[in-house]
Amino acid sequence: SLSVNANAYYMRLRDEIHFDPLTFENINLDPTKRYGIEVSGTFDLTDRLRQMANYTHMRSQFRQGPFSGNDVPMVPENTANLAAAWAHSKNTDVTVSVNYIDSTYFDNDQANNFGRQIPAYTTVDARASHAIAGFRLGVELNNIFEEEAIDYGVSSVAAAGVYNAYPLPDRTL
């Protein structure tokens with residue numbers, strides 16, 4: 001009734017593609033590294049109720065070039081998910097999850113000096129599905145509490161303190 005998995009990793013990356021807004025071209029970033037741990041688990045509370053959780057702690061840094069040692073933008077250091085799945089019947093199930101994404105540097109802020117970060121946020125999602133005649137039909141309700149969050153943002157290279165932000169959608173069905 002209990003399953004736990006843990007992974008540790010270390011990656012040395014090169015030729016990671018990045019869009020350069022000055023030249024309007026894709027370029028290769030200086031070499032980067034990513035290392036961290038991922039821990040996940042499931043626990044069957046009853047034969048119809050399962051709890052699931054996962055957590056990732058990742059460091060992502062430039063390893064060469066003028067930004068050596070700086071964090072790579074758009075890579076959160078911590079992410080987590082906690083979910084519960086209820087099997088109403090053999091064919092019908094409902095899952096509710098809470099998702100956390102840590103703050104991160106804006107895209108284009110390789111120097112890590114923009115002065116602000118994309119804030120951390122937490123969302124709650126739900127999904128129900130039912131199997132009928134060989135098909136599984138499902139409905140999802142995401143960002144139930146309409147968390148106002150930015151899931152992508154890019155800092156300006158032309159004007160100090162200016163950025164473009166793309167908000168997470170409001171509640172979606």
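The aromatic rings of Y166 and Y152 sit tilted, their planes meeting at an angle between 30° and 60°. Under the 30°/60° scheme for interplanar angles, the aromatic rings of H88 and W86 are found to stand perpendicular. Taking the six-membered ring where the residue is Trp, F62 and F67 present tilted rings, their angle falling between 30° and 60°.
The CG atom of N142 sits 8.0 Å away from the OG atom of S97 when rounded to the nearest 0.5 Å. In this structure, CD on E38 lies 8.0 Å from OG1 on T79, to the nearest 0.5 angstrom. In this structure, the separation between OG on S89 and CZ on R48 is 7.5 Å, given to the nearest 0.5 Å. For the atom pair N54 CG and N81 CG, the distance stands at 4.5 Å (nearest 0.5 Å).
One hydrophobic cluster, built from ILVMFWY side chains closer than 4.5 Å, holds both V4 and L45.
Proximity of D44 to L49: side-chain heavy atoms (C-beta onward) are nowhere separated by under 4.5 Å. Counting heavy atoms from C-beta outward, R14 and R12 have side chains that stay 4.5 Å or more apart. Residues Y10 and K33 have side chains in contact (heavy-atom distance under 4.5 Å, counting atoms from C-beta outward). At least one side-chain heavy atom of L168 sits less than 4.5 Å from a side-chain heavy atom of N143. A 4.5 Å side-chain heavy-atom check between D93 and R136 finds at least one atom pair inside the cut-off. The shortest distance between side-chain heavy atoms of L137 and I132 falls below 4.5 Å.
Among all heavy-atom pairs drawn from P167 and A165, the shortest one is CD-O, 3.6 Å. Across every non-hydrogen atom of P31 and Q64, the tightest pair is CG-OE1, 3.4 Å.
For R171 and E147, the salt-bridge test fails: no basic side-chain N is under 4.0 Å from an acidic carboxylate O. Electrostatic pairing of D30 and R63 does not count as a salt bridge here, judged by no charged N lying under 4.0 Å from a carboxylate O.
The closest donor-acceptor contact from the side chain of D109 to the backbone of N113 lies under 3.5 Å.
R34 and S60 form a side-chain donor-acceptor contact under 3.5 Å, judged by distance and modelled atom types alone. A side-chain donor from one of D125 and N99 sits under 3.5 Å from a side-chain acceptor of the other. N91 and H130 are not linked by any side-chain donor-acceptor pair at a separation below 3.5 angstrom, with hydrogens and angles left out of the test.
Evaluated for a side-chain contact (heavy atoms from CB on, under 4.5 Å) with F106, the options N164, V154, I118 yield exactly one hit, I118.
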